[in-house]
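Predicted, not measured: the structure shown is a model, and the values here were computed from it. Indexing begins at 1, ligand by ligand and atom by atom, following the structure's order.
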Amino acid sequence: MRTTLYCLLLLLFCSPQSILAEGKPSETTPIAPFRITDNLYYVGSEDLASYLVVTPKGNILINANLASSPPQIRASVEKLGFHWRDTRILLNSQAHSDHMGGAAEVVRETHAKNMVMDGDVSVVETGARTDFLTPSPNILTYVPVHVDRVLHDRDTVTLGDVTLTAHKTAGHTRGCTTWTMRSHLPGEPAGTIRNIVIVGGVGFWSEYHFVATPGHPVSYPDIAQDFQHTFSELRALPCDVFLGAHGGYFDMLTKLKRYPQTGPRVFIDPSGYKQFVTDAQETFRKELSKQEAAAPTTSD
Ligand SMILES: [Zn+2]
C-alpha cells in the first residue's frame, strides 16, 4: 500500500513539466566533444546539439541548450583546448528552452553577442513567455536574454575566416533557423570543401494548429505556409555533412560508433539528409490533411 502510494506520488511529481525542466537523460548526459570539420566541433550532450565554430578572431557557439547545460558545454570547449571566454557570438537553432535555456549564462560568462532570427526575437527576450504555444506544458520559460543582432532569412554571420548563413526555416518556432557553412574535413584532400547543414527543427506536437476550427485559431498566421516553405528551402540546400539541433535528427550516436575508424567523414550523409526532409514533410502533410478533414467545411 505504501509502495503504491509512493509510486503514485512519484508519478504526480515527475510530471512531463518537471521532466522537461530537468531535461531527458539523453539531453543531459555528457559525451566527449569531437571534431567534425577543420573549424567545427560538437560540444553538446548525447542528444542536445551544441556546436563550436573556431576562427582566428574568436569562436561562435551554436545553441546554449538547457539552463543546466552551460557547464557541460564549457567543459567540452575546454577539453578541446579552446577558451570559453573566446566565445564571441552565440547563435541558436530555435528559441525553445532546450536550445536557449542556457543562453543568459553563456552571455553573462563570455559576453558573446546574441544573434537571433527575427521571428524568435521576442521569445528569446521574454524567455519563451511570448511563444505562440504558451501556455503549454511543452513550453518552459527561461531567463530572458537581450538580442544584440536581429537576423533575417539568408543573413550571414562572419567572424574571422568563417561565414555562416542563417536560413529561416520557421514553423516549429517562428524564427527556427537552419545554419549552413562550407568547410574542409580533416583527412580529405586539401581542395575538397563540403557543404554543412545544421537543421533547426521540423517537428510539431498535437497542440500545433495548422487549420482554424471554430473557437480555435491557427497557432499563428501562416504557420502552414511557413512549414511548406521550410521543406522547400531544406530540399534546395546542398548538403554533404548532415547535422541538426538534436543528435537524433542525424542519427549521431549510431554514426559516432564508426568515428574511431572513419573519422568525421561518418557525418557525410546527403541521402540521410534527403530522407530526413522527405519523412518530415510527409509527417507534416499527413497531419495537415487530418486537420483539414476535421475542420468544418465552409458553406453559404
Ligand atoms: Zn523545439
Side-chain angles (χ1 to χ4, degrees), residues 16-28 44-51 61-70 73 90-104 106 114-145 147 151 166-179 197-210 218-220 223-224 226-227 229-231 233-234 242-250 252 276-277 279-281 283-284 287:
Q17 181 88 21
S18 60
I19 290 168
L20 277 168
E22 296 292 313
K24 293 184 285 243
S26 61
E27 296 187 331
T28 52
S45 66
E46 266 189 13
D47 187 58
L48 280 183
S50 180
Y51 300 93
L61 184 70
I62 305 176
N63 292 332
N65 297 349
L66 297 163
S68 63
S69 301
I73 295 171
L90 175 66
L91 305 175
N92 71 85
S93 297
Q94 29 147 316
H96 285 157
S97 61
D98 50 345
H99 309 284
M100 280 302 270
V106 169
N114 182 30
M115 304 185 183
V116 178
M117 184 58 77
D118 44 31
D120 273 354
V121 169
S122 96
V123 179
V124 169
E125 291 198 323
T126 61
R129 284 156 187 86
T130 56
D131 191 291
F132 62 81
L133 289 175
T134 301
S136 155
N138 288 313
I139 300 302
L140 300 181
T141 58
Y142 50 86
V143 179
V145 211
V147 173
L151 300 168
H167 303 263
K168 187 173 183 177
T169 48
H172 179 75
T173 66
R174 296 184 83 159
C176 187
T177 308
T178 293
W179 290 98
V197 178
I198 304 173
V199 174
V202 287
F204 52 86
W205 304 303
S206 56
E207 60 194 306
Y208 280 67
H209 287 264
F210 307 129
V218 289
S219 294
Y220 71 82
I223 183 169
D226 274 0
F227 267 102
H229 172 266
T230 288
F231 295 122
E233 177 73 11
L234 291 178
F242 172 29
L243 304 170
H246 289 269
Y249 289 177
F250 57 100
M252 183 181 80
F276 172 84
V277 177
D279 291 349
Q281 185 163 21
T283 304
F284 173 76
E287 178 63 22

Under 2.8 Å: N/O/S of Thr173 next to the Zn ion (ligand 1): no

Would you say the ring centers of Phe250 and Phe276 fall short of 6.0 Å from each other? no

Are His99 and His246 an aromatic pair by the rule of ring centers under 6.0 Å? yes

Within the 3.5 Å criterion, strictly below it, is a donor on Asn65 or Ser50 matched to an acceptor on the partner's side chain? no

So that I can check it, does any N, O or S atom in Cys176 come closer than 2.8 Å to the Zn ion (ligand 1)? no

Nearest to the Zn ion (ligand 1) - the N/O/S atom of His96, by atom name: ND1

With under 30° as parallel and over 60° as perpendicular, where do the rings of Tyr208 and Phe210 fit, or are they tilted in between? tilted

